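Read the structure below first, then the notes.
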Amino acid sequence: MARSGLAKGANKGHITEQRERAPRPSRTKGKIGKRTALCREIAREVAGLAPYERRILDMIKTGGSSADKRVYKFAKRRLGSHKRALAKREDIKAVNSKMRAKQAGA
């Protein structure tokens, strides 16, 4: 709230202009940089998928209506947390769609 310039009241105090603060370093925590993203992409290209990731990919390909749930449960068991399991499921889905697009284009 803007200060009123009065000594008493809810908005008491000298009238000043609000300065724009630089964002704290803690606000950028967890954001993937360009270099890290490139390194991870190259590593994925060279090394391929881990055995459990290949199983997830197979589940996505063959799975029917409840494939998403089965993939989530499997990933959660392997990775240990809800958030990581969801992220891995989306990641492998993206890999699958990329592979399908590559096959359709070729």
Side-chain angles (χ1 to χ4, degrees):
M1 299 267 296
R3 298 208 181 110
S4 64
L6 302 174
K8 299 281 184 187
N11 306 324
K12 67 181 179 182
H14 190 74
I15 297 170
T16 57
E17 195 176 316
Q18 198 74 30
R19 280 178 45 215
E20 188 62 40
R21 280 200 185 138
R24 295 177 77 126
S26 63
R27 296 285 177 203
T28 59
K29 187 177 186 290
K31 191 167 189 261
I32 298 169
K34 288 179 199 169
R35 186 190 174 105
T36 307
L38 180 68
C39 289
R40 285 182 188 175
E41 188 183 327
I42 291 168
R44 169 56 61 87
E45 223 172 273
V46 172
L49 297 171
Y52 83 95
E53 289 175 328
R54 279 198 292 274
R55 273 184 72 182
I56 290 173
L57 187 61
D58 190 47
M59 279 183 205
I60 290 169
K61 283 179 180 176
T62 60
S65 57
S66 64
D68 262 12
K69 187 174 180 179
R70 277 181 41 248
V71 167
Y72 163 75
K73 286 178 95 170
F74 179 77
K76 187 170 184 292
R77 230 172 275 133
R78 293 298 161 104
L79 297 169
S81 82
H82 173 78
K83 223 175 184 179
R84 287 176 182 173
L86 292 180
K88 183 59 72 177
R89 182 176 69 185
E90 296 311 309
D91 182 40
I92 301 298
K93 275 185 178 179
V95 168
N96 185 34
S97 63
K98 228 179 226 180
M99 283 170 56
R100 288 175 76 182
K102 202 174 190 180
Q103 283 178 345

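Model, not experiment: these values are computed from the prediction. The residues of the chain are indexed from 1 along the displayed sequence.
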Inset, instruction - Applying side chain to side chain contact (heavy atoms under 4.5 Å, CB included), run through Ile56 and Arg78 and close with a yes or a no. - result: CA-CA 11 Å; Ile56 290 173; Arg78 293 298 161 104; over 6 Å; no

Legend entry - Connected-component partners of Val46 among ILVMFWY, side-chain separation under 4.5 Å: Leu38, Ile42

Inset, instruction - Give a yes or no answer on whether the side chain of Ser66 reaches the backbone of Lys69 with a donor-acceptor pair at less than 3.5 Å. - result: no

Legend entry - Thr36 side-chain N/O to Ile32 backbone N/O, donor-acceptor pair under 3.5 Å: no

Inset, instruction - Find out if a path of hydrophobic residues (ILVMFWY) with successive side-chain heavy-atom gaps under 4.5 Å connects Leu86 to Val71. - result: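 No: no chain of side-chain contacts under 4.5 Å links Leu86 to Val71.
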
Inset, instruction - Evaluate the side chain to side chain contact (heavy atoms under 4.5 Å, CB included) criterion for residues Tyr72 and His82: first the C-alpha distance (whole Å), next the side-chain angles of each, then the deciding distance (0.1 Å), finally the verdict. - result: CA-CA 8 Å; Tyr72 163 75; His82 173 78; 2.8 Å; yes

Inset, instruction - Check Tyr52 against Phe74 and note the closest heavy-atom contact, atom names and distance. - result: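 In terms of heavy atoms, the two residues are closest at O-CE2, 3.6 Å.
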
Legend entry - Closest contact, heavy atoms only, Arg89 versus Ile60: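 So the minimum-distance heavy-atom pair works out to O-CD1, 4.4 Å.
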
Looking at [atom1] of [X] and [atom2] of [Y], how far apart are the two atoms once the value is rounded to the nearest 0.5 Å?
X	Y	atom1	atom2	value
Thr62	Arg70	OG1	CZ	6.5 Å
Arg100	Lys61	CZ	NZ	9.5 Å
Glu90	Lys93	CD	NZ	5.0 Å
Leu49	Arg55	CG	CZ	14.0 Å

In a table with atom names and distances, give each donor-acceptor pair under 3.5 Å that connects a side chain of residues 15-31 to protein atoms at least two apart or in another chain.
{"from": "Thr16", "atom 1": "OG1", "to": "Arg3", "atom 2": "NH1", "distance (Å)": "3.2"}
{"from": "Thr28", "atom 1": "OG1", "to": "Pro25", "atom 2": "O", "distance (Å)": "2.9"}

Legend entry - Arg44, CZ atom: more than 12 neighbouring heavy atoms under 6.0 Å: yes

